[in-house]
Amino acid sequence: MSPDVGIVGGSAAGLFTAHLLSRAGKRVRLLECAEDLEPKPRTLIVTDFLNEVLGGIGKPAIVNQIRHFELFTDGRKATITLRRPDLVIERTKLIRELAAAAQNSGAEVVLGRRFVSLGQKKGRLTLNVERCPDGSAEELHVDTVVGADGARSRVAQAAGWPAQKTVPLVQATVRLPQDMNPDTTRVWFIPDDTPYFYWLIPDSPNRGVVGLIGEDGQRTRQSLDRFLEKHELDPLEYQAARIPVYSKWIPVQRRLGSSDVYLVGDAAGHVKVTTVGGIVTGFRGAHGVVEAILNGRPGRRLNALRRELGLHWFIRTLLFNFTQAHYSHLVDLLSVRARHDLEIYTRDEPAQMLWRLCLHQPRFLLVALRAFLTGGPSPRGLETEKLGSISS
Ligand SMILES: Cc1cc2nc3c(=O)[nH]c(=O)nc-3n(C[C@H](O)[C@H](O)[C@H](O)COP(=O)(O)OP(=O)(O)OC[C@H]3O[C@@H](n4cnc5c(N)ncnc54)[C@H](O)[C@@H]3O)c2cc1C
């Protein structure tokens with residue numbers, strides 16, 4: 001029997017979507033261009049919200065837990081102790097777990113198939129596919145297509161979505177410095193190098209990843225190498241890719257003839273633009289898209305995700321104008337109650353965190369407002385969301 005839904009992309013978002021749809025009774029075929037489910041290693045940090053969205057799948061992929069964050073700016077340091085530890089996960093293990101869940105729910109995962117283009121035949125969508133080993137052509141006929149094929153989604157392009165803006169993310173695995181505790185992540189704010197931040201995330205008692213998000217690929221790698229040298233850290237291997245920069249909500253569904261095309265994960269741009277984390281938001285988007293496919297219309301999950309991504313965009317627009325002095329001022333302003341808020345609320349609860357912080361330390365708002373008013377225009381791609389849409 002031909003499947004109801006064809007999913008392109010067998011990574012985090014695609015496999016989870018396949019699992020949810022198959023569990024709900026849809027016949028699903030997932031096409032992945034790689035010939036095995038062994039993507040390159042990638043160390044990821046997520047909040048414990050992961051367990052909630054995945055409903056317990058993926059626990060074996062957790063390789064470490066983070067209980068403290070140390071924030072550094074211009075010689076100052078602040079420590080935040082998390083009430084609910086962050087989770088460090090290894091992507092390869094997560095993918096294997098998700099693939100097993102999808103297959104156990106009944107999804108057919110087909111490797112070595114590259115999606116090439118979309119067509120329409122007899123009221124259904126046709127996926128034109130290339131078999132990777134020999135380059136021969138195949139067709140798959142379905143009612144619904146889900147593009148889970150990453151930041152440069154070919155499905156999105158074929159269905160007429162505009163290309164997304166992306167930024168480079170580069171990290172290097174290193175041996176942990178002697179003075180570093182494996183339950184602590186370090187974050188450095190150095191706006192001359194990056195409007196985001198540097199991090200050092202331990203993934204085991206003696207290793208971790210140091211990285212940053214930049215704006216230009218070559219400069220980002222040079223900044224990382226300078227940073228490693230300054231901190232006397234030797235890179236063991238590099239992990240890098242481009243990540244979408246969320247600037248406004250793009251509807252995740254398009255109608256082609258009488259069929260639907262949806263996007264999930266990085267293909268849909270479901271990435272928190274404050275930290276450029278896309279794992280938890282990608283899974284939340286998958287829940288939302290599955291709800292839309294099953295009910296025939298987008299529901300509250302996608303609306304909630306939209307509000308949150310908009311809030312992250314709002315915070316990021318303020319942070320883009322921060323100088324070193326602004327960050328230092330923020331760290332100085334971390335009162336006991338403000339620190340407490342950062343300890344309780346995670347970056348997957350931005351509304352609660354922001355509201356509490358402003359309540360307990362209103363001067364944060366003043367610093368942010370001053371940076372916003374005195375700073376230059378936001379970088380390209382971040383100016384498009386209207387402030388009004390955050391509350392919509
Ligand atoms: C170095 C690095 C570190 C990161 N750290 C974090 C972190 O700490 N926390 C966090 O939350 N996020 C992090 N991210 C972001 C996170 O990894 C991504 O948001 C997430 O992996 C996106 O998953 P996805 O399934 O949407 O897309 P992808 O992982 O990009 O998967 C797309 C899949 O589609 C397949 N594909 C592509 N084109 C085709 C085609 N034409 N036909 C068939 N298959 C196709 C690809 O082979 C791939 O398997 C990091 C990213 C990088 C690069």
Side-chain angles (χ1 to χ4, degrees), residues 6-18 29-47 49-50 53 66 86-92 94-95 98-99 109-118 127-132 138 140 145-158 164 166-173 185 196 199 201 203 208-213 217 220 224 237-246 263-286 289 346-348:
I7 299 179
V8 178
S11 183
L15 289 166
F16 189 52
T17 308
R29 188 174 301 169
L30 181 147
L31 308 172
E32 163 58 45
C33 62
E35 291 183 38
D36 56 41
L37 287 170
E38 293 287 326
K40 284 189 195 146
R42 187 182 290 178
T43 304
L44 309 160
I45 187 167
V46 294
T47 67
F49 210 49
L50 181 85
V53 283
I66 299 298
D86 266 8
L87 311 174
V88 180
I89 52 178
E90 173 41 50
R91 179 172 70 149
T92 317
L94 181 68
I95 298 300
L98 289 167
V109 176
V110 187
L111 303 174
R113 298 292 187 281
R114 180 181 301 281
F115 164 80
V116 179
S117 63
L118 268 180
L127 293 161
N128 298 308
V129 177
E130 186 184 281
R131 286 170 68 102
C132 295
E138 262 181 21
L140 175 66
V145 170
V146 179
D149 49 342
R152 292 190 168 135
S153 167
R154 201 153 180 170
V155 173
Q157 192 192 350
Q164 304 191 72
T166 57
V167 284
L169 193 163
V170 187
Q171 63 185 19
T173 49
T185 283
Y196 297 85
W199 59 82
I201 303 167
D203 61 10
V209 284
V210 179
L212 83 155
I213 304 144
T220 306
L224 178 61
E237 63 184 27
Y238 288 92
Q239 307 172 358
R242 294 193 74 89
I243 307 292
V245 186
Y246 180 91
L263 299 178
V264 290
D266 278 14
H270 292 164
V271 173
K272 296 184 283 259
V273 69
T274 46
T275 58
V276 196
I279 290 290
V280 170
T281 39
F283 291 142
R284 290 181 58 194
V289 160
T346 72
R347 54 200 177 281
D348 283 309

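Order of listing sets the numbers, starting from 1, for every ligand and every atom in it.
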TODO: For Thr281 and His270, indicate whether the former's side chain and the latter's backbone hold a donor-acceptor pair under 3.5 Å.
DONE: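 Judged by distance alone, yes, a pair lies under 3.5 Å.
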Arg284 side-chain N/O to Gly282 backbone N/O, donor-acceptor pair under 3.5 Å: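 No, the answer is negative, given that no donor and acceptor are paired below the 3.5 Å cut-off.
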Residue set satisfying ring pair (Phe, Tyr, Trp, His ring centres under 6.0 Å) with Phe283, at least two apart, ordered chain then number -> Phe16
If you look only at distance, which donor and acceptor atoms sit under 3.5 Å apart when one is on a side chain in residues 271-279 and the other is two or more places apart or in another chain?
unit_1	atom_1	unit_2	atom_2	d
Lys272	NZ	Asp348	OD1	2.8
Thr274	OG1	His312	ND1	2.7
Thr275	OG1	Gly277	N	3.4

**Report entry** Set of side-chain contact (heavy atoms from CB on, under 4.5 Å) partners for Val116, sequence neighbours left out
**Finding:**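 Listed in chain order: Glu130, Arg154.
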Please report the C-alpha distance between Tyr238 and Val170 in whole Å, then the side-chain angles of each, then the deciding distance to 0.1 Å, and finally whether the side-chain contact (heavy atoms from CB on, under 4.5 Å) criterion is met. CA-CA 7 Å; Tyr238 288 92; Val170 187; 4.2 Å; yes
Does ligand 1 have any N/O pairs with the protein under 3.5 Å, and how far apart?
unit_1	atom_1	unit_2	atom_2	d
ligand 1	8 (O)	Ile45	N	2.7
ligand 1	8 (O)	Ile45	O	3.4
ligand 1	9 (N)	Ile45	O	3.0
ligand 1	11 (O)	Gly278	N	3.1
ligand 1	11 (O)	Ile279	N	3.0
ligand 1	12 (N)	Gly278	N	3.1
ligand 1	17 (O)	Arg42	NH1	2.8
ligand 1	19 (O)	Asp266	OD1	2.7
ligand 1	19 (O)	Asp266	OD2	3.4
ligand 1	25 (O)	Ala12	N	3.3
ligand 1	25 (O)	Ala13	N	2.9
ligand 1	26 (O)	Asp266	N	2.8
ligand 1	29 (O)	Ser11	OG	2.8
ligand 1	31 (O)	Ser11	OG	3.4
ligand 1	41 (N)	Phe115	O	3.2
ligand 1	42 (N)	Phe115	N	2.9
ligand 1	44 (N)	Cys33	N	3.2
ligand 1	47 (O)	Glu32	OE2	2.7
ligand 1	49 (O)	Glu32	OE1	2.7
ligand 1	49 (O)	Glu32	OE2	3.3

